[in-house]
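Right, one structure below, let's go through it.
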There are 2 protein chains.
Amino acid sequence: MLGSSQAIEANVYGGRVSSSAVPTSEPADRFERGTIRRIEAKEHVFCDGDPRTHVFRIEEGVIALSKLLGDGRRQIIEFAYPGDYIGLGTLREHIFDAQATCAAKVRCLSAAALEQEASRDASLALRLYKAVSAELAAARSLLVSVGQQSAMERLSGFLLSLSTRAPSESDETVVKLPMRRSDIADLLGLTIETVSRTITKLRTMRVIDVVRGTEVHILDSERLAELAGQ
Amino acid sequence: MLGSSQAIEANVYGGRVSSSAVPTSEPADRFERGTIRRIEAKEHVFCDGDPRTHVFRIEEGVIALSKLLGDGRRQIIEFAYPGDYIGLGTLREHIFDAQATCAAKVRCLSAAALEQEASRDASLALRLYKAVSAELAAARSLLVSVGQQSAMERLSGFLLSLSTRAPSESDETVVKLPMRRSDIADLLGLTIETVSRTITKLRTMRVIDVVRGTEVHILDSERLAELAGQ
DNA sequence: AACGGTTTGTAACAGTTTGTAACGGAGAAA
DNA sequence: TTTCTCCGTTACAAACTGTTACAAACCGTT
């Protein structure tokens with residue numbers, strides 16, 4: 001995203017349409033050359049309260065940004081997909097956990113160097129501005145869903161947003177869920193059981209089909225869009 | 001906020017701690033000199049879908065940023081208070097409504113001029129970056145509340161956030177609510193009735209007192225903080 | 001192949017929140 | 001003053017979601 005000057009489309013449910021598919025036209029600057037770090041499923045990239053030393057770009061897998069409440073409740077703020085950046089912002093410390101939902105790879109960039117460079121380079125600063133603006137739009141979209149929509153609307157919208165990310169081939173789109181039910185529940189402000197019930201309902205309505213729990217076949221994307229609230 | 005280089009404190013429930021109290025140390029640049037526009041209660045500053053021609057700084061009153069769903073449901077994204085900016089971002093068109101909850105004044109700044117200047121001036125671009133980062137933090141905080149907290153927790157937290165904004169004098173903080181119950185409900189993802197019932201409960205618990213519907217006296221801020229989930 | 005642990009699915013029940021409606025007060029308009 | 005409207009409060013029933021419990025499926029390991 002930072003590497004592209006394309007218009008950035010905000011997207012519901014935490015993600016953004018990744019620009020990783022669009023080869024960056026700019027010369028690879030120093031911020032494209034950080035070291036790669038492998039992250040196992042459920043491993044943390046950083047924790048709430050950690051000093052914000054690095055910004056990370058997702059290279060592979062999915063990272064969940066989340067806030068943990070004292071009594072164990074958890075809200076996932078967004079899922080970061082390949083091409084997305086996490087750890088942007090101006091605070092000294094992270095205020096969220098960043099945890100891989102599945103095996104992942106991230107590129108580590110020095111936050112201090114990034115900001116120092118941005119204070120001299122207006123175009124880099126503007127890229128930061130645009131990146132955070134896109135995150136803001138995504139967070140607000142999710143807020144609208146969680147604040148106003150029913151469980152069915154939220155889940156339908158979430159599946160739709162995943163399907164736009166996946167390579168939509170033939171009439172029947174297949175989405176591989178790269179996270180657990182509990183992650184989806186914590187993103188949408190629901191419980192695992194409600195997520196499970198709603199998926200079952202979508203299946204009995206023949207809107208989707210689920211194979212081995214993680215492979216969602218979208219049989220009627222039009223109906224799914226209606227259920228998501230247009 | 002843009003006018004200050006101070007650290008920006010993110011705040012739950014849509015607002016930010018305004019920097020308007022801190023006199024800007026920088027020379028008044030062109031973006032501090034837009035024309036002032038008076039807004040009546042319930043009047044729109046801009047609407048969802050309008051071309052994004054201006055950025056506005058709140059001078060007086062409160063502006064509610066909100067998204068209207070097809071069937072009338074509404075989610076308020078944030079309340080903007082004096083010193084805050086609305087209309088930032090990189091999209092061509094607004095994707096939210098901006099409506100005054102009470103009589104207000106805003107300063108109008110050309111979006112095109114702002115962005116053109118930012119593409120040359122790294123420090124301005126960084127200020128935009130920081131401003132949007134603060135909005136992002138606020139949006140995420142609200143998301144956590146709406147996604148995970150009970151009606152009582154959300155309302156207590158909202159009242160607390162208002163009290164930190166108000167001049168906290170003696171032992172008994174007084175908060176003047178600059179918006180209607182429906183605005184609070186739409187911010188917190190509740191109904192008017194639930195807001196009303198919860199306020200009544202807080203009153204019978206002698207945590208707050210309400211005078212003429214709009215004046216909230218916080219009698220036991222410690223208890224209120226507990227109810228808000230610490 | 002068998003085994004534990006994790007994850008998911010299903011069901012009954014409880015609880016909070018909502019929807020609907022009625023009532024009352026404050027303020028504006030006549 | 002009277003009337004009207006808007007807003008806030010309260011009550012009751014209903015709906016959705018959460019809670020709890022348990023069974024089934026899946027996974028990696030032994």
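Numbers restart at 1 for each chain; the letters A, B, ... are given by sequence-line order, proteins then strands. The analysis underlying the following values was restricted to heavy atoms, covering all of them including side chains, and did not include hydrogens, waters or symmetry mates. Since the model is a prediction, treat every value here as computed from it, not as a measurement.
- Closest of all the heavy-atom pairs between B:Y81 and B:R165 is CD1-CZ, 3.1 Å.
- The NZ-P distance, from B:K201 to C:dT17, rounds to 7 Å in whole Å.
- Electrostatic pairing of B:R57 and B:E59 counts as a salt bridge here, judged by a charged N lying under 4.0 Å from a carboxylate O.
- The 5' end of DNA chain D is approached more closely, in terms of each residue's nearest nucleotide, by A:S150 than by the other of A:S150 and A:R212.
- Taking a cutoff of 4.0 Å between a charged side-chain nitrogen and a carboxylate oxygen, A:D183 and A:R74 qualify as a salt bridge.
- Here the side chain of A:Q75 pairs no donor or acceptor atom with the backbone of A:L68 at under 3.5 angstrom.
- The pair A:K67-A:D48 counts as a salt bridge, with a side-chain nitrogen and a carboxylate oxygen less than 4.0 angstrom apart.
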A:Q99 and A:H44: side-chain contact (heavy atoms from CB on, under 4.5 Å), yes or no, with the steps?
CA-CA 4 Å; A:Q99 194 177 14; A:H44 281 80; 3.6 Å; yes

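- Over its length, the helix from C:dA1-D:dT30 to C:dA30-D:dT1 turns its helix axis by 40°, as judged from the five terminal pairs at each end, rounded to 10°.
- One N or O on the side chain of B:T101 and one on the backbone of B:P178 form a donor-acceptor pair closer than 3.5 Å.
- Of all the heavy atoms in A:A137 and B:I95, the pair that sits closest is CB-CD1, 4.5 Å.
- If you walk DNA chain D from 5' to 3' and mark each nucleotide with an atom closer than 4.0 Å to a heavy atom of chain B, the marks span D:dC7 to D:dC12.
- B:R38 has no carboxylate O lying under 4.0 Å from a charged side-chain N of B:E43, or vice versa, which leaves the two without a salt bridge.
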Strictly under 4.0 angstrom, non-hydrogen atoms only: write out the protein contact profile of nucleotides 4-10 of chain C, one letter per nucleotide from the 5' end, B, S or -.
---SSBB

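- Distance, B:L188 CG to C:dT16 P: 19 Å, rounded to whole Å.
- Between the side chain of A:R140 and the backbone N or O of B:E78, no donor-acceptor pair lies under 3.5 Å.
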